Number of protein chains: 4
Amino acid sequence: MGSTWGKNIKLSLFGESHGVGIGITIDGLPAGVKLDLDLIKFELQRRATGKNELTTARKEADTFEILSGYFNDYTTGAPLSILIRNRDQQSRDYNKIKDIARPAHADYTGYKRYDGYNDYRGGGHFSGRLTAPIVFAGAIAKQILRDKNIHIGTHIKSIKDLEDRDFCEEDLNKENFKKLSEKQLPFLDENLEDLSRKKILAAKNEQDSLGGIIECSIIGIEPGIGNPFFNSIESQLSGLMYSIPAVKGVEFGAGFKITDLFGSEANDDIYIDNDKVITQTNNNGGILGGITNGMPINFRVAIKPTPSISRPQKTIDMKNNTETEFKIIGRHDPCIVPRALVVVEAMAAIGILDFLVVS
Amino acid sequence: MGSTWGKNIKLSLFGESHGVGIGITIDGLPAGVKLDLDLIKFELQRRATGKNELTTARKEADTFEILSGYFNDYTTGAPLSILIRNRDQQSRDYNKIKDIARPAHADYTGYKRYDGYNDYRGGGHFSGRLTAPIVFAGAIAKQILRDKNIHIGTHIKSIKDLEDRDFCEEDLNKENFKKLSEKQLPFLDENLEDLSRKKILAAKNEQDSLGGIIECSIIGIEPGIGNPFFNSIESQLSGLMYSIPAVKGVEFGAGFKITDLFGSEANDDIYIDNDKVITQTNNNGGILGGITNGMPINFRVAIKPTPSISRPQKTIDMKNNTETEFKIIGRHDPCIVPRALVVVEAMAAIGILDFLVVS
Amino acid sequence: MGSTWGKNIKLSLFGESHGVGIGITIDGLPAGVKLDLDLIKFELQRRATGKNELTTARKEADTFEILSGYFNDYTTGAPLSILIRNRDQQSRDYNKIKDIARPAHADYTGYKRYDGYNDYRGGGHFSGRLTAPIVFAGAIAKQILRDKNIHIGTHIKSIKDLEDRDFCEEDLNKENFKKLSEKQLPFLDENLEDLSRKKILAAKNEQDSLGGIIECSIIGIEPGIGNPFFNSIESQLSGLMYSIPAVKGVEFGAGFKITDLFGSEANDDIYIDNDKVITQTNNNGGILGGITNGMPINFRVAIKPTPSISRPQKTIDMKNNTETEFKIIGRHDPCIVPRALVVVEAMAAIGILDFLVVS
Amino acid sequence: MGSTWGKNIKLSLFGESHGVGIGITIDGLPAGVKLDLDLIKFELQRRATGKNELTTARKEADTFEILSGYFNDYTTGAPLSILIRNRDQQSRDYNKIKDIARPAHADYTGYKRYDGYNDYRGGGHFSGRLTAPIVFAGAIAKQILRDKNIHIGTHIKSIKDLEDRDFCEEDLNKENFKKLSEKQLPFLDENLEDLSRKKILAAKNEQDSLGGIIECSIIGIEPGIGNPFFNSIESQLSGLMYSIPAVKGVEFGAGFKITDLFGSEANDDIYIDNDKVITQTNNNGGILGGITNGMPINFRVAIKPTPSISRPQKTIDMKNNTETEFKIIGRHDPCIVPRALVVVEAMAAIGILDFLVVS
């Protein structure tokens with residue numbers, strides 16, 4: 001049930017890490033959109049694996065086949081469905097480990113939820129691999145938003161204790177967003193690129209893993225979009241962010257740090273600049289009462305360290321209900337943050353587009 | 001559109017701060033629940049105003065009239081609807097200030113969203129007053145969860161820089177939750193009660209306001225509840241938390257701090273204790289892959305400083321599109337955190353109940 | 001759960017026949033609509049009881065109190081909620097008959113659905129009285145549609161075997177719809193008014209009841225509205241029609257009789273008339289592939305004879321699980337058709353508006 | 001938007017008649033169902049084309065590939081997705097006819113709805129071919145219902161004026177449903193098989209087409225399932241029936257004919273038979289107040305004559321907005337009724353299962 005989403009743009013996600021493949025059906029897209037296939041491929045490549053020492057060695061081309069909803073190079077208005085076949089699943093004997101609950105993975109919770117019938121190979125439907133179809137959908141959403149002059153950008157705010165500065169006004173333009181999207185380790189402070197690479201590789205070397213924080217900004221959105229209460233911009237976006245495996249925190253504007261401020265500091269004073277209503281500060285992240293005020297929508301997402309590590313861990317055999325020790329063997333990312341940036345952008349684009357299209 | 005919610009338990013919220021009243025319709029409640037009216041009144045009183053120097057002087061008894069769905073002291077299974085009439089609205093001349101956008105309030109965003117037709121008096125439908133019916137719904141949800149041995153508790157994690165310790169295992173039991181719920185300023189470290197009172201009153205004296213962080217824990221929930229992706233426990237709960245006015249951050253388990261840990265530290269090792277599967281740490285806040293693992297669901301919610309302050313603030317006249325300066329006159333809370341605790345619990349109860357009932 | 005509806009226009013219905021009252025919350029209405037209170041009252045009076053010998057003697061003024069969403073004579077965009085208090089409930093001793101399942105009523109099914117906790121007095125939440133708030137919502141929807149030049153009309157197609165002719169092109173204009181709406185027994189063939197009155201009164205005299213068929217037409221809708229498959233115009237409208245108590249059949253265009261035609265007769269040939277695309281016949285009732293073609297949307301709704309009759313009927317005592325015989329005492333309509341016309345129009349208006357507004 | 005459906009069982013339908021293929025994703029199926037692939041294939045074959053002179057000559061094996069949600073022969077609880085590739089599309093030059101609106105087809109309405117971007121080949125996403133994935137989903141739903149002792153059967157109630165008798169009590173058992181499902185032309189009166197075959201072939205010979213009525217019965221369902229108002233059994237089932245292309249009427253129990261009865265005749269008296277509550281007649285089709293009473297759910301569905309006929313028809317060129325005459329060339333069914341039976345059963349099974357599972 002959790003794999004279907006949406007009011008105007010409806011998503012239906014399917015697939016498993018080691019099954020036939022993965023895919024998505026997107027219902028509610030406007031007709032007549034000429035898909036920017038280069039953008040889609042570029043976005044998919046941003047989350048692709050196997051491309052360097054920072055990512056898992058599993059090589060998936062993520063070649064998608066459009067199954068429907070696309071005709072003569074335009075969306076038709078009918079559901080757009082794609083299939084990405086799995087290629088580089090390793091044929092290890094999963095039978096040996098299928099009853100072992102990998103700590104911080106969904107093995108135990110999936111086992112309980114689905115009475116042991118879930119596909120356990122590589123996390124099955126819980127796999128981070130399922131974010132590839134989401135990036136596909138996000139690329140289309142980004143393209144449609146781009147035509148409305150709305151742009152979405154991210155940078156790495158931190159990898160463990162290595163911390164970048166926050167987005168400031170000068171950073172928030174489409175040219176800079178593009179530049180950041182082309183980097184392997186997009187920090188605003190470029191010195192952090194090399195430092196973070198070394199930090200990640202050191203963790204990898206120690207058979208350990210790292211997490212980090214992603215900052216995202218959505219610019220160009222008109223004031224007056226969203227709703228009070230249950231369908232607030234924050235409710236919609238946080239719900240989508242928490243759909244990304246490994247996310248443990250979502251904050252908007254000044255976020256948790258707003259609690260360190262007095263009201264007189266936290267309140268964003270309002271001005272008029274060239275006939276446009278603006279605020280000097282943006283502690284509310286562009287949203288008041290669940291509705292946009294025209295300022296950039298800023299939020300941060302906490303990504304936990306990759307749960308897959310090769311060190312021995314204490315856990316249980318779920319079938320026999322006994323304690324055991326276990327070492328994950330196989331390919332995994334020492335730090336998922338660089339590949340998660342485009343997923344955060346995709347979810348943001350989908351969430352915003354759902355408020356803007358009518359279907 | 002944002003005032004309707006739910007899959008199994010459906011909420012429909014209505015009302016304005018200075019209109020006839022506020023209320024809620026709850027569709028999907030099980031039939032045959034004998035309402036614990038004392039619990040409902042107790043919960044409503046926890047968020048009530050006018051009871052002490054820490055809250056706004058507006059006195060609302062929040063007397064509710066049950067309009068439907070309740071017969072011979074039991075829920076009927078039909079929609080349960082209540083009306084709370086407004087009583088202590090002040091009859092100030094709102095005409096003078098109706099075009100002034102109060103900073104950090106939804107005045108400007110509501111004006112744009114509803115083309116200036118929204119009820120501007122006291123924030124209208126955006127008012128925090130709308131959380132009273134949510135507390136009503138939450139009290140019923142808590143009662144039903146209590147019968148399933150699920151309990152929800154909160155404490156103040158911080159008021160500005162005054163910081164309490166985190167919940168630890170010993171804190172997580174229904175007796176302690178009850179004790180905390182009876183306090184005006186529920187800190188685990190009781191020394192903070194007096195310190196925080198002084199801090200809030202000092203801010204009030206300075207015509208300023210404070211924010212803070214609420215920590216919430218849900219105990220007694222079985223493993224295997226929830227869904228991957230879009231309907232994860234975190235997606236559902238964060239969506240509800242962000243429906244509470246003034247919330248700017250939501251994090252689960254170790255939250256943003258999980259990014260400071262190595263994977264080997266962050267992963268919660270799994271053990272068996274008296275035939276029950278447990279984890280030693282709970283950095284994942286009781287949720288993996290969007291599904292409960294049977295550990296307490298822990299999360300924190302950041303509440304921004306009350307936007308209403310009596311200091312002069314820079315803002316605009318929305319009608320004339322001109323800059324102006326403005327001082328909010330009237331009654332307001334110097335810190336909303338103590339009254340928000342029960343709202344957080346209510347939303348948590350509603351969110352969890354929706355996963356557990358069938359309707 | 002069944003009392004909440006909608007995608008863009010969300011309805012939440014509440015109340016019982018003999019409780020405090022009945023009402024509805026409408027979320028998603030556009031802001032800035034100056035309500036036509038005369039239209040609302042006119043529509044409510046069309047389904048009102050106690051006004052003549054053809055309806056039940058229960059006298060309900062159906063005076064509504066607007067609780068929210070309405071300010072300075074305009075809708076605000078926030079949920080519009082109303083309460084209609086019950087006044088003329090008879091204080092009969094329901095205890096005597098509460099376990100008797102009235103045939104063709106929802107007594108037994110409600111008893112099973114809600115484990116005997118449902119409010120049994122006068123049908124409780126199942127009562128036809130709940131259609132009053134729907135007529136209220138429908139009147140607003142009609143007003144908004146009227147401004148888009150869309151009009152909805154009905155006539156009585158039949159009362160038992162007394163059959164009117166079908167709508168023809170000349171009947172389909174707003175002036176005629178208005179004229180029909182002002183009649184107590186709106187037949188196209190005016191001779192049937194008196195005949196049907198006599199027929200209904202004869203049935204009443206025999207302590208019996210009658211049903212009939214309502215024909216409805218929606219004119220002025222643009223081509224291209226609706227969706228294929230699950231959200232087709234027919235799916236949406238039939239779902240709403242079957243929400244009206246006592247409806248047992250819904251057919252569009254030629255309906256069941258289309259099966260008597262050859263394809264060459266049934267297919268509606270397409271022409272251009274003054275630059276407008278039209279069909280000569282309208283066997284498809286203005287809908288193809290779930291989407292409007294610009295022709296009038298025509299459909300018919302079968303209303304069963306009022307189940308409440310004063311004759312003795314065989315039934316059961318639900319508590320003791322024993323057979324019994326039973327005579328319904330009290331006030332009831334000998335034929336519900338004349339009062340159901342405005343309910344059908346209301347549901348049609350709501351269903352169409354949901355496709356046309358964005359919220 | 002119209003291709004996504006459901007509350008507990010969620011369907012996402014995709015594909016076009018002449019594109020890559022068609023398919024469906026089913027989210028919310030219980031885990032641990034061992035699929036009865038023989039049943040699925042049997043059901044697909046019931047709606048298959050090309051098997052005899054009564055159906056279109058297009059030969060589609062409807063071979064499905066399960067893409068996800070199925071592991072080691074059991075459903076996993078994750079979305080079950082299938083793809084059926086198109087094989088026998090004819091490579092006619094659609095360019096010639098793409099602007100011609102075929103009467104009684106969705107060509108014109110789709111053109112308006114999707115601004116001319118819809119895939120026009122063979123009706124695109126509007127094609128009856130899309131019912132194949134629905135039959136797949138229905139077969140799984142039927143299997144799960146079968147394990148709850150709920151069975152669904154259909155017969156042809158009429159082909160044009162050739163009319164079968166109604167289902168009677170003796171017909172309503174799983175053995176008879178099976179027997180009917182194995183027939184090409186399942187009438188209760190077996191004499192009608194040959195007569196109807198001749199009638200259909202005669203129409204085919206005249207380049208014309210026929211419609212008819214399908215009667216469906218759902219047996220074995222407990223009382224107390226369903227909801228009042230918007231989510232009544234009738235609302236849910238009629239919404240699904242009207243999602244089937246070509247359906248123009250849906251009636252429950254006695255349907256439109258109930259309006260010919262007095263209340264004293266129409267009311268179904270209630271009895272107790274072997275401790276089971278039953279009604280003598282079933283004019284209400286097993287549903288009162290939107291909720292099952294334990295009697296068979298009976299309904300009838302009107303299927304219009306196949307719109308594709310080879311006779312010349314008056315229509316328009318949509319691009320040039322000119323009138324024209326047109327002859328449909330190609331393969332089509334002279335009467336869709338025999339192939340629609342299994343689609344009606346599939347929709348019924350899906351609709352009922354959605355009320356019974358929890359996800």
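As the structure is a prediction and not an experimental result, all values here were calculated from the model. A, B, ... follow the sequence lines: proteins, then strands. Residue 1 opens every chain. Excluded from the calculations below are hydrogen atoms, water molecules and symmetry mates; all remaining heavy atoms, backbone and side chain alike, are included.
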Report yes or no: do B:N283 and A:K304 form a side-chain donor-acceptor pair below 3.5 Å?
no
Hey, could you give me the CG/CZ distance between B:L288 and A:R113, rounded to the nearest 0.5 Å?
15.0 Å
Highest number of heavy-atom pairs under 4.5 Å with chain A: which of B:K257, B:R300, B:Q236?
B:R300
Are the aromatic rings of B:F229 and A:F126 close, with centres under 6.0 Å apart?
no
Turns out that what part of B:T324 lies under 4.5 Å from chain A's heavy atoms comes down to neither
What do the steps show when you test A:N293 against B:T109 for side-chain hydrogen bond (donor to acceptor under 3.5 Å, both in side chains), and what is the final call?
CA-CA 5 Å; A:N293 66 358; B:T109 58; over 6 Å; no
Is it the side chain or the backbone of A:M347 that comes within 4.5 Å of chain B heavy atoms, both, or neither?
side chain
Non-hydrogen atoms of chain B under 4.5 Å away: do they reach the side chain of A:P245, the backbone, both or neither?
side chain
Chain B contacts, top residue of A:M241, A:K112, A:E206 (heavy-atom pairs, under 4.5 Å):
A:K112
Against chain A, label B:Y108 side chain, backbone, both or neither, depending on which of its atoms sit under 4.5 Å from a heavy atom there.
side chain
Can you tell if the side chain of B:E251 reaches within under 4.5 Å of the side chain of A:V250, non-hydrogen atoms only?
no
Could you measure the distance from the CG atom of B:D260 to the CD atom of A:E163? Nearest 0.5 Å is fine.
8.5 Å
Heavy-atom pair count under 4.5 Å with chain B, highest-scoring of A:L13, A:T306, A:L210, A:L11
A:L13
By a 4.5 Å heavy-atom criterion (distance strictly below it), what part of A:D268 contacts chain B: side chain, backbone, both, or neither?
backbone
Between A:M318, A:K160, A:E265, A:Q313, who has the most heavy-atom pairs with chain B when the cutoff is under 4.5 Å?
A:K160
Could you tell me which of A:L240, A:L261, A:D161 has the largest number of non-hydrogen atom pairs under 4.5 Å with chain B?
A:L261
Does any heavy atom of chain B fall under 4.5 Å from the side chain of A:S127, the backbone, both, or neither of them?
backbone
When heavy-atom pairs shorter than 4.5 Å are enumerated against chain B, which of A:G289, A:S238, A:G211, A:S308 gives the highest number?
A:S238
Need one label for A:V301: side chain, backbone, both or neither, based on atoms under 4.5 Å from any heavy atom in chain B.
backbone
Identify which part of A:F256 has an atom lying under 4.5 Å from any heavy atom of chain B, answering side chain, backbone, both or neither.
both
Exercise: identify the closest heavy-atom pair between A:F230 and B:I134
CZ-CD1, 4.3 Å
Intermediate values then yes/no, side-chain hydrogen bond (donor to acceptor under 3.5 Å, both in side chains), A:R102 and B:N267
CA-CA 9 Å; A:R102 292 169 301 161; B:N267 286 359; over 6 Å; no
For chain B, which residues of residues 272-281 of chain A have at least one non-hydrogen atom nearer than 4.5 Å to it?
A:I272, A:D275, A:V277
Using non-hydrogen atoms only, which part of B:S232 is less than 4.5 Å away from chain A: side chain, backbone, both, or neither?
side chain
Is chain A contacted by the side chain of B:A101, its backbone, both, or neither, given a heavy-atom distance below 4.5 Å?
both
Most contact-rich option vs chain B, by heavy-atom pairs under 4.5 angstrom, among A:A266, A:S235, A:G226, is A:S235
Specify which of B:K248, B:E222, B:Q207 makes the most heavy-atom pairs with chain A at under 4.5 Å.
B:K248
